[in-house]
Number of protein chains: 2
Amino acid sequence: MLSQKAKYALKALLYLAEQEENHISRTIEIAEGAHIPKKFLEQILLDLKRARFVSSKQGKMGGYYLIKSKHDITLAEIHRLFDGAIALLPCASLNFYEPCSDCKTENECNLRHGLMMIRDETLKAMQNITIASLVDK
Amino acid sequence: MLSQKAKYALKALLYLAEQEENHISRTIEIAEGAHIPKKFLEQILLDLKRARFVSSKQGKMGGYYLIKSKHDITLAEIHRLFDGAIALLPCASLNFYEPCSDCKTENECNLRHGLMMIRDETLKAMQNITIASLVDK
DNA sequence: ATAAATTCTATAATATTAGTAGGGTATTGA
DNA sequence: TCAATACCCTACTAATATTATAGAATTTAT
């Protein structure tokens, strides 16, 4: 399941994607428009900024805006940024790989292969869903 | 990601599936064979019993054994039993559906459709992985 | 200068997870 | 019958993660 953070991040990105080109959105606008607690959203937007999905302008008249095309932001990326691995165990993960305790002794746990198949299918599906595809429902 | 409980449940089921027909396994055997804390495993086996994957015999010479074919126990079922919904949000779930707070006001949140597509693909993949398929790696 | 906005760090409240403890109940076999 | 063995059940605890909130520092437009 998605964390609140990941869900809020998606809602915030959807909000930004729906604005006119070159429009800058203040945090408070996004918070009210997408029903997100403002102070919590601040942290989320900073995370999105550090990961280069959005950029910001400080000070009066400042705010946030997309710097990555809404067609190129996938659900897989947002999931990984806020919730980590897509695979069901670390030993089956591409981006967050680590051997599980049992893998060490048995070299490979029995679960790994099956979980990698599931990861591949889930990842493919998640890469197919973009902010743009969500905006036009 | 899978909880420890779900992972241990899978390991325990794998252990049982590897035993000879009609063999009864004591909790302590499974715990040592699959590297699972014994008292924690007790709870997990009881959950598996209540969900009719295994049955048990009490008293001396007692233990646990599979009552569902290893070909018919899927990863999807174990995930749902221990970790709940497969979908990324409750509003996109088949077995654990509930409207999210935003769905109420907007009737449907923008995320729902995309998340249902992901759920469908993940579910298909998870139903394809059985205890039997994991035993023969 | 002042107001408005982002940025940053710390902290609090809550929920979940992972595991432990300890006794109760059923069955076997001497 | 009685003791040993093994499942059954509930409660509790410790650690961790999640979901925020608070408050001050910094930047920018006017």
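In what follows, every chain begins at residue 1, and chains take the letters A, B, ... in the order their sequences are listed.
- In this structure, A:L48 atom CG and C:dT6 atom C1' are separated by 14 Å, rounded to whole Å.
- Taking atom OH of B:Y64 as the reference point, atom P of D:dT5 lies 18 Å away to the nearest angstrom.
- Regarding B:H23, its NE2 atom lies at a distance of 14 Å from the C1' atom of D:dA6, rounded to whole Å.
- Scanning both residues, A:K49 and A:S55, for their nearest heavy atoms gives CG-CA, 4.4 Å.
- Exactly one residue among B:L66, B:L45, B:I30 makes a side-chain contact (heavy atoms from CB on, under 4.5 Å) with B:L13. That residue is B:L66.
- In terms of heavy atoms, B:F40 sits closest to B:Q4 at CE2-CB, 4.5 Å.
- Ion pairing between A:E77 and A:R80 fails under the 4.0 Å rule for side-chain N and carboxylate O.
- Separating the CD1 atom of B:I44 from the P atom of D:dC9 is a distance of 16 Å, rounded to the nearest angstrom.
- Side-chain atoms of A:S133 never come within 3.5 Å of backbone atoms of A:I129 as a donor-acceptor pair (strictly under, hydrogens ignored).
- Between C:dT6 and A:T27, a contact under 4.0 Å exists linking OP1 or OP2 to a side-chain N or O.
- The side chain of B:R50 contributes an N or O atom lying less than 4.0 Å from OP1 or OP2 of D:dC9.
- Here C:dA26 presents its P atom at 11 Å from NZ of B:K49, a figure rounded to the nearest Å.
- When every heavy atom of A:V135 is checked against every heavy atom of A:L14, the shortest pair comes out as CG2-CD2, 3.5 Å.
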Output one line per pair: protein atom, nucleotide atom from nucleotides 27-30 of chain C, and distance, for all N/O pairs under 3.5 Å.
residue, atom, partner, partner atom, Å
C:dT27, O2, B:K60, N, 3.3
C:dT28, OP1, B:K57, NZ, 3.0

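- Residue A:Y65 contributes atom OH, which lies 16 Å from atom P of C:dA5 at whole-angstrom precision.
- A pairwise comparison of heavy atoms in A:R26 and A:G62 identifies CG-O, 3.5 Å as the closest pair.
- With A:E42 contributing its side chain and A:K38 its backbone, the two residues share no donor-acceptor pair below 3.5 Å.
- Nearest heavy atom pair, residue B:M1 against residue A:A87, reads SD-O, 3.0 Å.
- Here D:dT28 presents its C1' atom at 12 Å from CD1 of A:I24, a figure rounded to the nearest Å.
- Linking Ile, Leu, Val, Met, Phe, Trp and Tyr whenever their side-chain heavy atoms come within less than 4.5 Å leaves B:L123 and A:M126 in two separate clusters.
- Contact check of residues 75-89 of chain B against DNA chain C (heavy atom, cut-off under 4.0 Å) returns no residues at all.
- Look at CD1 on A:I30: it is 11 Å from C1' on C:dT6, rounded to the nearest Å.
- The heavy-atom pair separating B:L134 from A:L111 by the smallest distance is CD1-CD2, 3.8 Å.
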Scan nucleotides 19-23 of chain D against the protein and return all N/O pairs shorter than 3.5 Å with their distances rounded to 0.1 Å.
residue, atom, partner, partner atom, Å
D:dT19, OP1, A:Q4, N, 3.4
D:dT19, OP2, A:Q4, N, 3.3
D:dA20, OP2, A:Q4, NE2, 3.0
D:dA20, OP2, A:Y8, OH, 3.2
D:dT21, O4, A:Q43, NE2, 2.5
D:dG23, N7, A:K39, NZ, 3.4
D:dG23, O6, A:K39, NZ, 2.4

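- Regarding contacts with the backbone of C:dT7, a side-chain N or O of A:S56 is found under 4.0 angstrom from either OP1 or OP2.
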